[in-house]
Engineer: 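Provided herewith is a single structure, encoded as structure tokens, for subsequent inquiry.
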There are 2 protein chains.
Amino acid sequence: MQSTAEENYIKAIYKLSGGGAAAVSTTALSETLQTKPASVSDMLRKLSAKDLVHYVKYHGVQLTDEGQRVALKIIRKHRLWEVFLVQKLRFSWDEVHEVAEQMEHVKSELLIQRLDEFLGHPRLDPHGDPIPTEAGELREVEQRALASLNIEQEGVVCRVKDSQPAFLQYLNRVGIQIGSQLQVVDKIPYDNSLEISIDKSKSVILSSDVLEKIFVINP
Amino acid sequence: MQSTAEENYIKAIYKLSGGGAAAVSTTALSETLQTKPASVSDMLRKLSAKDLVHYVKYHGVQLTDEGQRVALKIIRKHRLWEVFLVQKLRFSWDEVHEVAEQMEHVKSELLIQRLDEFLGHPRLDPHGDPIPTEAGELREVEQRALASLNIEQEGVVCRVKDSQPAFLQYLNRVGIQIGSQLQVVDKIPYDNSLEISIDKSKSVILSSDVLEKIFVINP
DNA sequence: AAAATAATTTAGACAAACCTAAACTTTTAC
DNA sequence: GTAAAAGTTTAGGTTTGTCTAAATTATTTT
């Protein structure tokens, strides 16, 4: 059984490596986790001793198969709790992350099984991220970044890859949510921003930073 | 804000003092919390510095008003989660305690407000214990221990004062749950046990230990 | 390819929450 | 009312997870 701190490291390694494949640097982890690089080194030695990561000094870490299984389990719990908070307790998508971050560490197999059942075995969380199955499988949906669309092309928002309240509140304000119909009205080559129409009505200009974080289907 | 460990001490003091009034000894706490008396002394000094308890060396602790408020908040969270687990996730009453013990430490005012609302502002948890209000009030129901009933007298089970799985599973086996109609069939003076009929059908003999833990209304 | 810079690890400390062993109070027993 | 027993606290140590400062390794620059 892992401690909360260990679980947070494993989750961070998973996210930074984009699914557990690539190696992750100490500095990257220290930024994500808001701890000093020296503390990260310590913890990596510990996770390595537990065979949750492959760790080569000065050359970064990768999750082992076991580490990956653990990561997917935590992510499953996190995303199921997010669905619960939004669908059952009327949280908005910018309020769920911090609370789910705490609930994901509650230890009980039965709890997660029953929660999944209670929610009707959802496939996606409120940000459009896929929920791993009990067996640890990620069912990805084909999708592309809004930034990759050309003029006139359309898409339906299926996912946003940033859970920070500030970003989600920004999307609330411009009127973008999961399911919004977007269309590229114009390209501004100067800074790679796009003018986007939302649900066939108002249009806004989105910076390339934002365009990289919004994903659509049927492009 | 209190740590999980601090919260567990405050909860234990509340329970052992029977509501925060009486003073509680170091040994009693060490037994309840499964820690050594020396560790309890340490923590009491710490809680005292935070003004959550009145602590006089060698003479036990009591909760301060602030400590009592904190205790009731934790108990409120614990009992609301128990209701959730039983009513929404089909847990049985002997499975909820351990999980609720973890969930009670999640920090979010909004979460508890919304959970309370989602559950329909329940007044009692699955063991019949009252749920403190948001304002920190305990709405007790008039009740008496089964042990205090005389021959022929009846009552409806409204509460059981022991959340240990072993005890609750014992009640499951003899067929007693919240709402069961009990009647005293016979008194056995030798060991103060009683013969009790359950829901006007089968009858069982309950030891005085057990009789002290079951509470009834309309006696 | 050596020197400068950046990234990383080791060494030594600290706080929280626990422990054991020893010292100290309080209570109980005679 | 003193002595033994029981209960409690203090002193010093451990583990987990963090920190700063110093040492080490890798990378970049020239």
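The model shown is predicted, which means the values in this text are computed figures rather than measured ones. Side chains included, hydrogens not; waters and symmetry mates left out as well; all remaining heavy atoms used.
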Engineer: Mind calculating the distance between CG (A:Leu29) and C1' (C:dT9) to the nearest angstrom?
Structural biologist: 15 Å

Engineer: What is the distance, rounded to the nearest whole Å, between atom CE of B:Met1 and atom P of C:dA16?
Structural biologist: 16 Å

Engineer: Mind running salt bridge (Lys or Arg N to Asp or Glu O under 4.0 Å) on A:Lys73 and A:Glu109 for me, showing each step along the way?
Structural biologist: CA-CA 10 Å; A:Lys73 212 173 233 177; A:Glu109 285 296 327; 3.4 Å; yes

Engineer: Using the side-chain heavy atoms of B:Asp42, tell me which of these nucleotides is nearest: C:dA11, C:dC18, D:dA11.
Structural biologist: C:dC18

Engineer: Using a strict threshold of under 4.0 Å (side-chain N to carboxylate O), is an ion pair present between A:Arg69 and A:Glu66?
Structural biologist: yes

Engineer: List the steps and the verdict of side-chain contact (heavy atoms from CB on, under 4.5 Å) for B:Leu110 and A:Glu95.
Structural biologist: CA-CA 10 Å; B:Leu110 184 60; A:Glu95 294 170 326; 3.9 Å; yes

Engineer: If only side-chain N and O atoms count, and only distance matters, is there a donor-acceptor pair under 3.5 Å linking A:His78 with A:Asp125?
Structural biologist: no

Engineer: Taking atom NZ of A:Lys50 as the centre, does the number of heavy atoms from other residues, nucleotides or ligands within less than 6.0 Å exceed 12?
Structural biologist: yes

Engineer: Could you run through nucleotides 1-6 of chain D and give me one letter per nucleotide, 5' to 3': B if any protein heavy atom sits under 4.0 Å from the base, S if only the sugar-phosphate is that close, - if neither?
Structural biologist: ------

Engineer: Please determine whether a side-chain nitrogen or oxygen atom of A:Tyr9 lies at a distance below 4.0 Å from atom OP1 or OP2 of D:dT16.
Structural biologist: no

Engineer: Classify the nucleic acid contact of B:Thr26 as base, sugar-phosphate or nothing, counting any heavy atom under 4.0 Å across all strands shown.
Structural biologist: sugar-phosphate

Engineer: D:dT9 C1' sits how many Å from B:Met43 CE, rounded?
Structural biologist: 16 Å

Engineer: Answer yes or no: is there a side-chain heavy-atom contact under 4.5 Å between A:His97 and A:Leu85?
Structural biologist: no

Engineer: Please list residues of residues 30-37 of chain A whose heavy atoms come under 4.0 Å from any atom in DNA chain D, ordered by number; otherwise none.
Structural biologist: A:Thr35, A:Lys36

Engineer: Testing the 3.5 Å rule here: is there a donor-acceptor pair between the side chains of A:Ser193 and A:Asp191?
Structural biologist: yes

Engineer: How many angstroms lie between atom CD of A:Glu98 and atom OG of B:Ser108, to the nearest 0.5 angstrom?
Structural biologist: 7.5 Å

Engineer: Just how far, in rounded Å, is P of C:dA16 from CZ of B:Arg45?
Structural biologist: 11 Å

Engineer: Do B:Asp209 and B:Ser207 have side-chain atoms, one donor and one acceptor, less than 3.5 Å apart?
Structural biologist: no

Engineer: Using a cutoff of under 3.5 Å, can you pull out all pairs of nitrogen or oxygen atoms linking the protein to nucleotides 22-26 of chain D, with atom names and distances?
Structural biologist:
unit_1: D:dA26; atom_1: OP1; unit_2: A:His59; atom_2: NE2; d: 3.2

Engineer: Looking at the side chain of B:Ser41, which of D:dT9, C:dC18, D:dT20 is the nearest nucleotide?
Structural biologist: D:dT9

Engineer: Decide yes or no for A:Leu171 and A:Gln177: does some side-chain heavy atom of the first lie under 4.5 Å from some side-chain heavy atom of the second?
Structural biologist: no

Engineer: Where does the angle between the aromatic ring planes of A:Phe84 and B:Phe118 fall among parallel (under 30°), tilted (30 to 60°) and perpendicular (over 60°)?
Structural biologist: perpendicular

Engineer: Need one value for B:Ala38: base, sugar-phosphate or nothing, where a base atom within 4.0 Å counts as base even if backbone is also close, heavy atoms only.
Structural biologist: base

Engineer: Could you tell me the separation between the CD atom of A:Glu6 and the C1' atom of D:dT15, rounded to a whole number of Å?
Structural biologist: 12 Å

Engineer: Rounded to the Å, how far apart are B:Gln2 CD and C:dA16 C1'?
Structural biologist: 15 Å

